[in-house]
Each structure stands twice: as structure tokens, then as C-alpha cells.
Amino acid sequence: MTFIEVIVLYCLQRIKGERTVYSVLHILNGKKSAQTIQDIHIFKLKALFQTFPSLSRANFDSIILSLNKKAWIHAGESAQSFVIHPKKEESLKELLIEYPIPAHLNGWKYHRITVGFWERLSLSIQVASHLAKGNNRYMPVQRNMAVQAWMKQTLQEFSTERQKLNEHLFQELAKCLEDEGIYPEYLICRLTGADHIGLTPEQAAADFGIDISYYDMSFLSLLHFMLQKILAQEGKFPILRKMILDDDSDFILTNSTKATYKLILQGYSLEEISNIRRLKMSTIEDHIAELVLNIPDFSIEEYVSKSKVEEITKIAKDIASKSLKQIKQQLPDATYFEIRIVLAKLGGGMK
């Protein structure tokens, strides 16, 4: 069994047939829809957000078909939903022990800055290595013009110490990767220098004798580990810190939700915001759900009464479900919007 199949099974186990099977694909792809953002919070799958951005629907369908044929899953009660066979629950636990989800994976938190960090890091290593050797002609490993422009600007800042850049960068990288339980070689083997060419993901996976999807996720987890450490101890890693794209927002929000949030802070009602932005009320409600999920102190008192919050919370816990339809059946006078934002406020903390 491939690791991507294990990940899909894990997601299906968390969702318990309460969403279509494609909700898993949207999570792994990193789709920034209101539903997907709510799902990763409610079902506690934030770590896996955008961990397989290139996974196609066709390949995903093949995975589902394979798991179904091997009797790992069967069709759920809802259309296009699948659940794990009860007899396979223990087998999945064993698989996750053998191939654990990398501990430092944090897709939702770092998805906006991971690729840029890797592009800048890999190019910096190559440039610093060639500078130390006195080489001026070589093919840059990153073709992104914005990354190359950043590199030129950074080199200007090191104009008097360019020859020492390689040494300083090596020292910071060594300190950053000093930690038990991580595998620095997963990253180091990918780096290109003056005397060697970095491996492709496929070559690295083959060298380590592991499944390509397991390598990809482990590599991503290693980058997330580095980001967390660098941002937490900025003073220790001045060069590496320059490689992280700055984000001036305090919360992880989609651009459209940010625009709605600004109007809320200005005192506009949801109806007024809908008219100002020329968006459907359902879209504005999506934004409210996203705000509740991502801003801890965002109040929902204006949108749902305290008594209804208590009723929805009790029903959700009693039936152990995050299905809007099931909760509404128990509480017909609650709107879907009210149920959504209460579940969002609970943040998937129900058992």
C-alpha cells in the first residue's frame, strides 16, 4: 500500500462519511473554499492542507477505486461518500504506526510561504557554494524571476562578505537542522552546490528506499519544522529568516474574507456588506464561518442567539456528528448558517 493511500484512509476515517469523498481531495490539494477551510478545522485535518497540491482527480479516483477493490472502504449513506470498513480500523492504526504522519507537518499554517522558502533556500545554497569556489557561470536551480531578483538584492546586502556567505549559511542551516527525530538528509540531498547536483524527489525516494508520497510529505514536514524554528528564534537565523516571505496579516484568511472582515470592523451589517461587495448573502456567510474558524475571539453573538448556541452544541455532541443536515433535522428552527458558525466556533472539539 502506498503512503498516499494511507493518508486518504486517515482522512476518510476522520470525516466518517459526513462529506463527499472529494472533500479529501480538496483538502490535500489545498482548495481555498469555505467548505474545505471549515472541514480541516472541524475534522482536525489542518496539518494535511495542501500537502499534495498536484494530486489530480483522475489519480485520486484511482486511489479510491483501489481501496474499494481491496475492501478497505465501502460506499457511505450519502452520495459520493465512503467510509472505512470497521474490520479495517485496527489495520489502519498499524499502518499509521509503521508510516506515521510526519510530526512537524502544518499545511494550513505554512502553505502560503513554504514553496517560496524552498525556492529561496535552494537558490541561496547554490549561489553561496559557487561564490566560495569563485565560479560565476552556472545554471540557476530556480527559474522564477522573482526569486532570482530577491537573490540579487540579498547579495547586495552581503557585498563586503560574499565569500563568507557560504560559511554563515552553512552554520545557520546546521543549527536549524539540529534536532532529534528529523531527517536532515531528506533536504540536504536535494540541494545543488558547486560540486554536486541535487536529487529530484523521485531520485531521493529511490535512494532512501521509501514510497515517493511518503518522501514528499516528509520533505514538506521538514520545511515546516524549519519555518517554525526560524520564526520562533529569528535572532539565531538572520540569513534564513530573509528567505521567508513576510505576511502582514495576523490571521490566515482568503483575500475575499479579508475584505469582508474590514467592512465588519467598520460596523456594516451582513446585508450591507452583501450590497457593497455585490456578493450573494451565502458568500458573505461563508466569510463569517471562515472568520470564526481563524480568529479565536471573533464573536458570533450577533448572528446566533446564546440559547441556540447551547442547543446546537448539545445536539452535535449527542449525535456525534458534524453533519449540518443531521443537526438541522433535530433543530428545524435553526438555519444552516447558524449551525455552521456554531460548529466553526466549536472548532471540531467535539467527541
> State yes or no: do F170 and L155 share one hydrophobic cluster built from I, L, V, M, F, W and Y residues joined by side-chain heavy-atom distances below 4.5 Å, directly or via other members?
no
> Using a strict cut-off of less than 4.0 Å between a Lys/Arg side-chain nitrogen and an Asp/Glu carboxylate oxygen, indicate whether E285 and K280 qualify as a salt bridge.
no
> Work out which heavy atom in P102 is nearest to a heavy atom in F3; give both atom names and the distance.
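Looking at all heavy atoms of both residues, the shortest contact is CD-CZ, 4.4 Å.
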> So how far is it from T154 OG1 to I239 CD1, rounded to the nearest 0.5 Å?
10.0 Å
> Do K345 side-chain atoms and F298 backbone N/O form a donor-acceptor pair below 3.5 Å?
yes
> Please check this pair: side chain of Q38 against backbone of Q35, looking for a donor-acceptor N/O pair closer than 3.5 Å.
no
> Are I312 and I327 packed together at the side-chain level, in the sense that at least one heavy-atom pair is separated by less than 4.5 angstrom?
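Yes, close enough: below the 4.5 Å cut-off.
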> Before you tell me yes or no, could you show the steps for E5 and K70 under salt bridge (Lys or Arg N to Asp or Glu O under 4.0 Å), namely the whole-Å CA-CA distance, both residues' side-chain angles and the distance that decides it to 0.1 Å?
CA-CA 11 Å; E5 289 179 317; K70 292 185 283 190; 3.5 Å; yes
> Considering all heavy atoms of both residues, which atom of S256 and which atom of L279 are nearest to each other, and what is their separation?
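Scanning both residues completely, I find the closest heavy atoms to be OG-CD1, 4.3 Å.
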> Does one hydrophobic cluster hold both L105 and I97, with members joined at side-chain heavy-atom distances below 4.5 Å?
no
> With rounding to the nearest 0.5 Å, note down the distance linking CD in E310 to CD1 in I315.
12.0 Å
> If a pair satisfies ring pair (Phe, Tyr, Trp, His ring centres under 6.0 Å) and one of its residues is in residues 176-209, list it, with sequence neighbours excluded.
Y183-Y186, Y186-F208, Y186-Y215
> Atom OG of S66 and atom CG of D61: how far apart are they, to the nearest 0.5 Å?
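It is 12.5 Å, given to the nearest 0.5 Å.
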> In Å, rounded to the nearest 0.5 Å, how long is the span from CG of L28 to CD1 of I7?
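Nearest 0.5 Å value for the CG-CD1 distance: 7.5 Å.
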> Could you go through the side chain to side chain contact (heavy atoms under 4.5 Å, CB included) check for M281 and F337 one step at a time?
CA-CA 10 Å; M281 180 57 70; F337 173 58; over 6 Å; no
> For a 4.5 angstrom cut-off between non-hydrogen side-chain atoms, does L324 reach K328?
no
> So which heavy atom on F117 is nearest to which on L240, and how close?
CE1-O, 4.1 Å
> Do P201 and R190 make a side-chain contact, defined as non-hydrogen atoms from C-beta onward lying under 4.5 Å apart?
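Side-chain contact under 4.5 Å: yes.
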> Indicate whether the side chain of T114 and that of H224 have a donor and an acceptor atom separated by less than 3.5 Å.
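On atom types as modelled, these side chains qualify, holding a pair under 3.5 Å.
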> Are I197 and Y138 connected into the same hydrophobic cluster when the rule is that any two of I, L, V, M, F, W, Y join if their side-chain heavy atoms are below 4.5 Å apart?
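As far as the 4.5 Å side-chain criterion goes, I197 and Y138 are not connected within one cluster.
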> Would you say V83 ends up clustered with F43 if hydrophobic residues are merged whenever their side chains have heavy atoms under 4.5 Å apart, either directly or through other cluster members?
no
> Indicate whether any N or O donor in one side chain lies under 3.5 Å from an N or O acceptor in the other, for S307 and S305.
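Per modelled atom types, S307 and S305 side chains form a pair under 3.5 Å.
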> Are side-chain N/O atoms of E290 and T257 paired as donor and acceptor at under 3.5 Å?
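Yes, because at least one side-chain N or O of E290 sits under 3.5 Å from a partner of the opposite role on T257.
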> Within 45 degrees of the axis of the six-membered ring of F237 and under 6.0 Å from its centre: does K229 put its NZ or CZ there?
no
> Is it the case that one hydrophobic cluster holds both V115 and F49, taking links as side-chain heavy atoms less than 4.5 Å apart, direct or via other members?
no
> Are S81 and R19 linked by a side-chain donor-acceptor pair shorter than 3.5 Å?
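Side chains of S81 and R19: no pair found under 3.5 Å.
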> State, with a plain yes or no, whether a side-chain heavy atom of I15 is found less than 4.5 Å away from one of D39.
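Of all side-chain heavy-atom pairs linking D39 with I15, none is under 4.5 Å.
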> Are any of the side-chain heavy atoms of L25 and F52 separated by less than 4.5 Å?
no
> What is the distance from atom CH2 of W118 to atom CE of M243, rounded to the nearest 0.5 Å?
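Interatomic distance, W118 CH2 to M243 CE, rounded to 0.5 Å: 11.0 Å.
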> With a 3.5 Å cut-off and no angle check, do the side chains of H287 and T260 form a donor-acceptor pair?
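The answer is yes; a qualifying pair exists.
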> Ignoring hydrogens, what is the shortest heavy-atom contact between I339 and A334? Give both atom names and the distance.
CG1-CB, 4.1 Å
> Decide whether S218 and S221 meet the rule of one side-chain donor and one side-chain acceptor closer than 3.5 Å.
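Per modelled atom types, S218 and S221 side chains form no pair under 3.5 Å.
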> Strictly by side-chain hydrogen bond (donor to acceptor under 3.5 Å, both in side chains), give each pair with a member in residues 101-110 just once, sequence neighbours left out.
W108-N294
> Taking K93 first and then E90, would you say they form a salt bridge - that is, a charged N and a carboxylate O separated by under 4.0 Å?
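Yes, charged N to carboxylate O under 4.0 Å.
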> To the closest 0.5 Å, what do you measure between CG (L187) and CG (L220)?
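Rounded to the nearest 0.5 Å, the CG-CG separation comes to 11.5 Å.
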> Could you tell me whether a side-chain N or O of E338 sits under 3.5 Å from a main-chain N or O of V304, the two making a donor and an acceptor?
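Side chain of E338 to backbone of V304, a donor-acceptor pair under 3.5 Å: no, none is there.
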> Could you check L173 against I125 for side chain to side chain contact (heavy atoms under 4.5 Å, CB included), going step by step and ending with a plain yes or no?
CA-CA 10 Å; L173 196 59; I125 294 291; 3.9 Å; yes
> Counting only heavy atoms not in K175 (residues, nucleotides, ligands), do more than 12 fall under 6.0 Å from its NZ?
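Check fails, neighbour count at 12 or below.
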> Measuring only between side-chain heavy atoms, which start at C-beta, is I230 closer than 4.5 Å to C176?
yes
> Could you walk me through whether Q330 and D318 pass side chain to side chain contact (heavy atoms under 4.5 Å, CB included), step by step?
CA-CA 11 Å; Q330 299 282 331; D318 287 346; over 6 Å; no
> Apply the test side chain to side chain contact (heavy atoms under 4.5 Å, CB included) to residues Q266 and L263: give CA-CA distance (whole Å), side-chain angles for both, the deciding distance (0.1 Å), then the verdict.
CA-CA 5 Å; Q266 293 173 29; L263 293 173; 4.1 Å; yes
> Please check: side-chain N/O of Q171 versus main-chain N/O of H168, any donor-acceptor pairing under 3.5 Å?
no
> Counting only N and O atoms by type, is there a donor-acceptor contact under 3.5 Å from the side chain of S122 to the main-chain atoms of E119?
yes
> Ignoring hydrogens and geometry, is there a side-chain-to-backbone donor-acceptor pair from R120 to K242 under 3.5 Å?
yes
> Quick one: closest heavy-atom pair of A71 and K88, and the distance?
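Between these two residues, the closest heavy atoms are O-CE, 3.6 Å.
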> Would you check if the side chain of N29 reaches a backbone N or O of K31 as a donor-acceptor pair within less than 3.5 Å?
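Not at all, since once roles are kept as given, no pair shorter than 3.5 Å links the two residues.
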> Do the side chain of Q126 and the main chain of V141 share a donor and acceptor less than 3.5 angstrom apart?
yes
> In the structure I gave you, are the side-chain heavy atoms of L123 and N144 within less than 4.5 Å of one another anywhere?
no
> Considering residues, nucleotides and ligands other than Y99, do more than 12 of their heavy atoms fall under 6.0 Å from its OH?
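Counting neighbours around OH of Y99, 12 or fewer heavy atoms of other residues, nucleotides or ligands fall under 6.0 Å, so no.
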> Passes side chain to side chain donor-acceptor pair (under 3.5 Å), Q142 versus Q148? Steps please.
CA-CA 7 Å; Q142 296 297 339; Q148 292 184 13; over 6 Å; no
> Would you mind reporting whether S124 and L169 have side-chain heavy atoms less than 4.5 Å apart?
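Touching, per the 4.5 Å side-chain cut-off.
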> Does any N or O in the side chain of K308 come within less than 3.5 Å of the main-chain N or O of D333, such that one atom is a donor and the other an acceptor?
yes
> Which atom names give the shortest non-hydrogen contact between L343 and A316, and what distance separates them?
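Minimum heavy-atom separation between L343 and A316: CD2-CB, 4.0 Å.
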> Quick check against the 3.5 Å criterion: does Q80 have a side-chain atom that pairs as donor or acceptor with the backbone of T20?
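Checking the backbone N and O of T20 against the side chain of Q80, no donor-acceptor pair under 3.5 Å is found.
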